[in-house]
2 protein chains.
Amino acid sequence: MTPQRIAPQALYQEVAERLRQRIFAHELPPGQPIDELRLAAEYGISRTPLREALKVLAAEGLVTLVPRRGAFVSQISASELDAIFDVLAVLEGHAARRAAERLDEEAAKRLRRLHQRLEETARAAAIDAFFEANQAFHAEVLRLANNPFLSSTIQDLRQKIRLSRHHSLYDEGRLERSLQEHRELLAALLEGEAEAAERCMREHLRSGREAIAHLRRDATPTLDTEESS
Amino acid sequence: MTPQRIAPQALYQEVAERLRQRIFAHELPPGQPIDELRLAAEYGISRTPLREALKVLAAEGLVTLVPRRGAFVSQISASELDAIFDVLAVLEGHAARRAAERLDEEAAKRLRRLHQRLEETARAAAIDAFFEANQAFHAEVLRLANNPFLSSTIQDLRQKIRLSRHHSLYDEGRLERSLQEHRELLAALLEGEAEAAERCMREHLRSGREAIAHLRRDATPTLDTEESS
DNA sequence: AAATATAATATGTAATCCATAATTATGGAA
DNA sequence: TTCCATAATTATGGATTACATATTATATTT
């Protein structure tokens, strides 16, 4: 009956991963309603694990659960993006400050190596690799800040904009701009200039927000979920 | 069979509320393991709604879910408190800054009225009422900051320390100290001095953190969840 | 007495069932 | 013919039950 799945992870997690991929591939576009019965039938499972999966994705911000109306692929409005980036800039800025305060030799070495990856992937115009390297660098800054609650809060917010953020590096010139900002940030961190590091990080975030805005102007005229009422 | 519960809200929500009360009343003390079968039997329900309730409480930070080991009433260590307050100070400070920037006549009036409650309840030494009034004032600042993500992020973090925070106002002199800090904060807000408002709010949070620390020295010698390994 | 194996217990997961709200279709009246 | 009301259908939300698996406790053997 069930050929694969010998020592399976939880079914709902498997389903969540499949849906995640379909959402990121825009096979399920933002705003798309998700028909539980149809999907469950398609996957040959009952509704329970599917609903569990949807709850997980809702917690990640990928889908939105509307009571009695069902699940929809999340859609983020421009104003919501602004609001999230406003908070993220403050938090990541704070992380950079703390990181600069706590920097030691080991950490400096790690940051230099991670930054090196950025330089290399940027020179090769390897966008996906640059994206990865960028993630790693920011993760190291968070690690340095040494505050698990700061980290998890930032992670939660990042997750919400992940869908929007993913393609912004393909924007003309964004990669070079990001690299330059990283150079300045790295310099401030290595010098232990907490104030400057915070400022650089905030600016970096602001710049990232604008890259997305720029993208959207080209792509889609209006994206807002219904906010009128 | 089921006497009350005519048009009930979700059973798991009802259960979550009951557990919440028992936790806040310390009837279920921090660290206490939660026996699903026993509790389900006690409430006369199946495990499913109980487990749903536990998931909700886990998201709120009131209980901790350990895989394959079960649920425990959350216990927050001193260092975790520090970490949370560090983030909260940054976020609430930012909220105060934005609030000061966006202040108008209506808002000023509301803030004055809310602060008036603080003055009155403090004079009457009505600690619970002061606690309520304090919550309302901070909520208004958040409302003014006009960023739903900032609000919800702060709410999430507050929830985690709610258990610790609740009794700190009973500490000798804490109420007066808090009131004085609020006076300065209000002044900064009403003058639209964003910088000062942020500074006051951060200081207010730092002070709140210390009040808890002070309490703990009296009450419990060591509270840390196992962090050694 | 210690270690390993086995039994008992509790948790994690999923399928089925039932209740309720929302949507759609149908019929009647203006 | 069109609009509104009501009924029927459909989909979602919630909960009991059942089953698989990991952990813990106990007993037996070395």
Review point. For the side chain of A:Tyr12, counting heavy atoms from C-beta on, which of C:dA14, C:dG12, C:dA10 is nearest?
Key: C:dA14

Review point. Reckon B:Glu36 touches a base, only the sugar-phosphate, or nothing at all at heavy-atom distances under 4.0 Å?
Key: sugar-phosphate

Review point. Between A:His94 and A:Glu198, do the side chains contain an N or O donor and an N or O acceptor separated by less than 3.5 Å?
Key: no

Point to revise | Side-chain donor or acceptor of B:Thr121 paired with backbone N/O of B:Leu118 under 3.5 Å | key: yes

Review point. Is it the case that A:His182 and A:His115 place a side-chain donor and acceptor less than 3.5 Å from each other?
Key: no

Review point. Which whole-number value in Å describes the distance from A:Leu65 CG to D:dT12 P?
Key: 11 Å

Check your understanding: Please give, in whole Å, the distance from D:dT10 C1' to A:Arg38 CZ?
Key -> 15 Å

Exercise for review: In whole angstrom, give the distance that lies between atom CZ of A:Arg47 and atom C1' of D:dA11.
Suggested key: 7 Å

Exercise for review: Among D:dT16, C:dA15, D:dG13, find the nucleotide with the atom closest to the side chain of A:Arg51.
Suggested key: D:dG13

Exercise for review: Take A:Ser46 and A:Pro67, find for each the nucleotide of DNA chain C with the closest heavy atom, and name the residue whose nucleotide sits nearer the 5' end.
Suggested key: A:Ser46

Point to revise | Nucleotide D:dG14, atom C1' - distance to CD of A:Glu52 in whole Å | key: 12 Å

Review point. Taking the side chain of B:Leu11 as heavy atoms from C-beta outward, which of C:dA15, C:dT11, D:dA15 is closest to it?
Key: D:dA15

Check your understanding: Roughly, in whole Å, what's the span from CG in B:Leu54 to C1' in C:dA10?
Key -> 13 Å

**Study point:** Touch class at under 4.0 angstrom, heavy-atom based, for A:Val66 against every strand present
**Key:** sugar-phosphate

**Study point:** B:Arg68 side chain, from C-beta outward: closest of D:dA22, C:dA14, D:dT12
**Key:** D:dA22

Review point. So, is A:Arg69 close to the C:dT23 phosphate, meaning a side-chain N or O under 4.0 Å from OP1 or OP2?
Key: yes

Check your understanding: Do A:Gln155 and A:Arg158 have side-chain atoms, one donor and one acceptor, less than 3.5 Å apart?
Key -> yes

Exercise for review: Could you verify whether a donor N or O on one side chain and an acceptor N or O on the other, from B:Ser207 and B:Arg174, lie under 3.5 Å apart?
Suggested key: yes

**Study point:** Selection from C:dA10, D:dT16, C:dA14 that lies nearest to any side-chain heavy atom of A:Thr48
**Key:** C:dA14

Exercise for review: Using a heavy-atom cut-off of under 4.0 Å over every strand shown, decide if B:Leu50 touches base, sugar-phosphate, or nothing.
Suggested key: nothing

